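This structure is a prediction, so every number in the text was calculated from the model and none was measured. Residue numbers start from 1 in every chain, and the chains themselves are labelled A, B, ... in the order their sequence lines are given, proteins ahead of strands. Values below: all heavy atoms of this structure, side chains included; hydrogens, waters and symmetry mates excluded.
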Amino acid sequence: MRPRRHISIGLCICGALALTFAAPTVLAQAPPAATPAPAKAASQADVRERIERLEKLLAETRAELAALKAAAAVSADARLAEIERRLEILAREIEALRLGEAGGAEPARPETPAPAATPARPLGLGLSASKVYGVKRGVSLGGYGEALYEGFAAEDQAGRPASEPDRVTLLRAVVYLGYKFDDRFVLNTEVEYENAVVASDKKGEAEVEFAYVDYTRSRAVNARAGLVLIPMGLVNELHEPVSFLGARRPDVEQVIIPTTWREIGFGLYGVAGPLSYRAYLVNGLNAAGFTAEEGIREGSGEGSEALAENWAFTGRLDYVGIDGLLVGASIFAGDAGQGQRTPAGRRIGALTTIFDIHADWRWRGAWLRGLYARTSVSQAALVNELNGFEGADSIGSRQEGWYLQAAYDVLSGNASSRLSLLPYVRYEAFDTQAEVPTGYARNPANDVRQWTLGLAFQPIEALTLKADWQRRHNAASTGVNRWNVALGWIF
Amino acid sequence: MAFFAASPLSAKVFLTREEALKLAFPGAAVERKTAYLTEAQKREAQRLSGSEAPPPALVTSYTASKDGRLIGTAYFDTHLVRTMAETVMVVVDPAGAIARIEVLSFSEPEEYLPRPRWYQQFAGKPLNDELSVKRGIRPVTGATLTARATTDAARRVLAIHQVLQKAATPPPTPTAVGSGSR
């Protein structure tokens, strides 16, 4: 349409110009004197008439041209306006798509809790472990893994030859499988392979580390039941490799608090003001699993045909009122006798109480952590009788440990970088036989002091490469230093 | 604004756009504007924000004025936190610093949503190196990714705002010859 219109306007202009220039030419071409007078007069009248006619035609053409020009302008304006209108519609549509439900005209559901009282870490779960809470409905899949190299020094702390061989292992490969039934009921599970292969000639294990159902009601009160993580310390619940420093977990949180510690039970969790809490009733420990070196570690029921003659209370309380800071305490208390008797027939109570205080503080590039944990086992002598322990093989009636850890992200100066490079240092002291019952002895090898110096590199939040050196000394002077390198991931 | 793919289809919605604007600019006249960034402007905004990806070319802003005086400009930014989206409103004051940040919707578990007080620390912060969870913005225990994503959004909005302001302010014209109208 448009080119044709241009052509027609052009033709009009050409026509008008042609007429304008043609008129004088016609006049000029009129024969001058040779024409007779009447004929001359008639001819002049004719010429005037023609001029008038041409002038009229010119005026008409000009008017028509102006009208055409105006029409074209109006049409262009209209088309521009239409394009702008359409662009605006597209812009609004794109904005609405970006904003999603928040872009709707309807007000946000009045019953939707304002973020004002949003819980801080009430779930007690790592990043990937809590994935199912984020889905609308149905299945969620997540996981994490760790590969570990351990290289041991050739000599112990006293300079005697040490024979610990270097090792590599896929320490953990974990799948989180969750199912959100509706807005209230959530199933969350963690299935773990340790050391890659489960077979009679290998050390691997396959375990369900947690499997529980949550009833989420409000920020303050929610219920949980199933195989749950014991809410103690800093690592037990948040044990994904990007959540703690060290190629290996701190020993205090393996020996005194036996991560990854889980039992079957039920309880409540939530947040009230600046306080976050969890309180569960779970099956008690089994004193038959207690040892001198590993403390209560092997006393855990792990949800595998665990004895449930005794139950225990476990809970934690954290202050989360200041951003970047978490300070709290946790406890586990209950009999570990599980109805068992000593060879002499004495029924064992073995009230076992573990408590810890902990703090985690992040500020600018700095990250500080500290934890103190202490276990006491009553009737430890009876437990020794039950387990056939004598002398320095006694279980500790008191077991305790603590650590302090400091790290600084040296790349924190680059505001926009996602990279993290954290040199870290940790000092640990622990003793699984801090006290033993009368008539038994302590093994000084269980009294450990350990320095860890390392470097953690995170190219993105979900990946970590950690390398450290550990200087391990014990009171028996048999400590062996080691190098550790770990690759960890979550998804 | 950042990731189109992060469209929050199943978000927990705390505020709608209209509610957020009313909250930020009570009783003010709010004008919606659409800007289309040029490639150069996108590059400039990316440089200013220090982000890995350029900002979107299509930018919607809400300019609020009261008694004929500009009181602030609001931008909405939708971005990924971990695998799910968050939409925030970032209000920029007339001086070009952050006035406030409000969360409109959040699709990750609420556990990773910082408390409102955490967002208050952004007020008055201009676009500089301190605007980072590694520096002047306190992190959130257990919600590091949200803290980072929100801070990135704040940087992105401030950068876009600067670029748009620069485009809106004509370069100082010398009182000279040659500035005639066409």
If you count heavy-atom pairs within less than 4.5 Å of chain B, which of A462(A), G365(A), S128(A) leads? S128(A)
Where does R92(A) contact chain B at under 4.5 Å (heavy atoms): side chain, backbone, both or neither? both
Is there a side-chain contact between L455(A) and K466(A), using heavy atoms and a 4.5 Å cut-off? no
Report the C-alpha separation of Y62(B) and F76(B) in whole Å, then their side-chain angles, then the decisive distance to 0.1 Å, and conclude whether the ring-ring contact (aromatic ring centres under 6.0 Å, His included) test is met. CA-CA 9 Å; Y62(B) 293 84; F76(B) 294 90; 5.5 Å; yes
Is it the backbone or the side chain of L325(A) that comes under 4.5 Å from a heavy atom of chain B, or both, or neither? backbone
Ion pair E253(A)/R369(A), N-O distance below 4.0 Å: no
Portion of Y36(B) that has a non-hydrogen atom of chain A nearer than 4.5 angstrom: side chain
Parallel, tilted or perpendicular, judged at 30° and 60°: which one describes the rings of Y75(B) and H161(B)? perpendicular
